[in-house]
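Heads up: numbering here begins at 1 and tracks the sequence. When reading the values below, keep in mind they use all heavy atoms of this one structure, side chains included, and skip hydrogens, waters and symmetry mates. Since the structure is predicted, the reported quantities are computational estimates derived from the model, not experimental observations.
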Amino acid sequence: MVSAGHHLAADAARDILDAGGNAADAGVCGGICLAVLLSEYVNFAGVAPIIYRHQETGKVTTISGLGWWPQKASLEVIQRDYGGKIPLGILRTVIPGAPDAWISALERFGTMSFGEVAYAAIQFARNGFAITELSAEIYAAEADELQRWPENERIYLPKGRPPRAGEKLVLEDLAGSLQYMTDQEKSVAQKGRAAGLQAARLAFYQGDIARKITRYHAENNGWLTADDLANFRVEIESASRSTFSGLDIYTCGPWCQGPLLSQVLNILAACKIEHIARDTSSYIHTVVEAMKLGL
């Protein structure tokens, strides 16, 4: 089965399963689609933590999908020039982790090409898709922030105002980036699937996309460089494991909020939460306090 935060992403991922793809292929497809359909939440050049259970071995693996700071990032500058707080804007940029995470998942667990799993996302971005009511509310609430950055204003406020529910949003630049990665993959198709996936990765981290990113940083006093992108790779490791109520609970590692879930569940187990009536004030209070202690 497939579950996603947008029905079109779920439909696209289900189509991958129908076409013979496996869970990894479908998951990557759905995740990339969400970077288009819900870009107010998630960005293709952002983060993409992945957790995968291998059916035959039962082993649970995580892919970090989380970028680290550029080599030039300076705590001294943040403390001296910005009062110890990371300023809004380009200095908040970490190395994009999501593209390498998606491609690593395909390499390690999938069966399809990048172009196959990215096809639906490219179509949504190029041809446009209808804005949902929730997305329209978010764009309206963030309109002032979007106007602060000329490129965001151009893309997300094309009519000089936030898009309304039911109106079509087109992300032509994102479609172009995904298509470029697909084209680079196709250019080495004769060398096999592994070479194609590597070509798609290089297109982002060392090709035209990387050059556009680093040029923008150079022109706007950012820290990200070509070396940062070229040397980046996600971390692949065994999942963190705990138990609760006889169930095995697997999460990503301490580079995300995953272990917090295990901590909270352990606290609730110690409180014998199963003996407290559901949806009562005592039950809700216990859960809230456990979450506070976990944090």
Side-chain angles (χ1 to χ4, degrees), residues 1 3-6 9-10 27 30-31 34-35 37-43 45-53 59-69 73-76 78-79 82-89 91-98 101 132-146 148 234-295:
M1 64 181 291
S3 177
H6 194 289
L34 291 178
L37 300 166
L38 295 178
S39 59
E40 66 271 25
Y41 285 121
V42 60
N43 193 292
V47 301
I50 296 171
I51 187 166
Y52 184 87
R53 181 184 182 275
K59 183 178 180 180
V60 183
T61 302
T62 65
I63 301 176
S64 63
L66 185 68
W68 51 68
W69 287 102
S74 170
L75 181 60
E76 179 184 359
I78 297 297
Q79 291 176 328
Y82 302 101
K85 296 181 179 180
I86 303 173
L88 291 175
L91 294 188
R92 292 195 171 206
T93 304
V94 295
I95 302 169
T132 65
E133 290 187 9
L134 178 58
S135 292
E137 291 176 4
I138 293 172
Y139 285 127
E142 299 295 329
D144 290 343
E145 286 297 312
L146 291 171
R148 292 184 63 176
V234 294
E235 296 181 1
I236 300 175
E237 56 194 9
S238 297
S240 298
R241 176 181 172 272
S242 63
T243 59
F244 177 76
S245 191
L247 299 174
D248 291 331
I249 308 297
Y250 294 92
T251 70
C252 294
W255 40 265
C256 77
Q257 63 266 48
L260 173 63
L261 173 62
S262 297
Q263 288 180 299
V264 172
L265 291 177
N266 287 335
I267 294 171
L268 291 175
C271 295
K272 301 188 182 303
I273 189 69
E274 68 274 14
H275 297 309
I276 304 176
R278 292 279 184 91
D279 300 327
T280 61
S281 59
S282 180
Y283 181 91
I284 294 171
H285 177 70
T286 303
V287 172
V288 170
E289 290 301 317
M291 294 177 69
K292 288 165 62 178
L293 287 172
L295 290 170

Notebook entry, point to check: Excluding sequence neighbours, so at least two apart, what forms salt bridge (Lys or Arg N to Asp or Glu O under 4.0 Å) with Arg278?
Noted result: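 None.
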Using every non-hydrogen atom in the two residues, find where [X] and [Y] come nearest and quote the distance to one decimal.
X: Ile50; Y: Ala101; result: CD1-O, 3.6 Å
X: Gly97; Y: Val234; result: O-CG1, 3.6 Å
X: Ser39; Y: Tyr139; result: OG-OH, 3.6 Å
X: Ala9; Y: Ala4; result: CB-CB, 3.9 Å

Distance check, rounded to the nearest 0.5 Å: [X] atom [atom1] versus [Y] atom [atom2]?
X: Glu145; Y: Leu88; atom1: CD; atom2: CG; result: 6.0 Å
X: Ile138; Y: Leu38; atom1: CD1; atom2: CG; result: 8.0 Å
X: Leu75; Y: Ile86; atom1: CG; atom2: CD1; result: 9.0 Å
X: Ile63; Y: Ile236; atom1: CD1; atom2: CD1; result: 5.0 Å
X: Trp69; Y: Thr93; atom1: CH2; atom2: OG1; result: 8.0 Å

Check: Just by distance, do the side chain of Thr62 and the backbone of Cys252 share a donor-acceptor pair under 3.5 Å?
Finding: no
Could you list the donor-acceptor pairs under 3.5 angstrom formed between side-chain atoms of residues 253-264 and any protein atom two or more places apart in sequence or on another chain?
{"from": "Trp255", "atom 1": "NE1", "to": "Glu237", "atom 2": "OE2", "distance (Å)": "2.7"}
{"from": "Ser262", "atom 1": "OG", "to": "Ser242", "atom 2": "OG", "distance (Å)": "2.9"}

Notebook entry, point to check: Would one find more than 12 heavy atoms of other residues, nucleotides or ligands at under 6.0 Å from atom CD of Glu274?
Noted result: yes
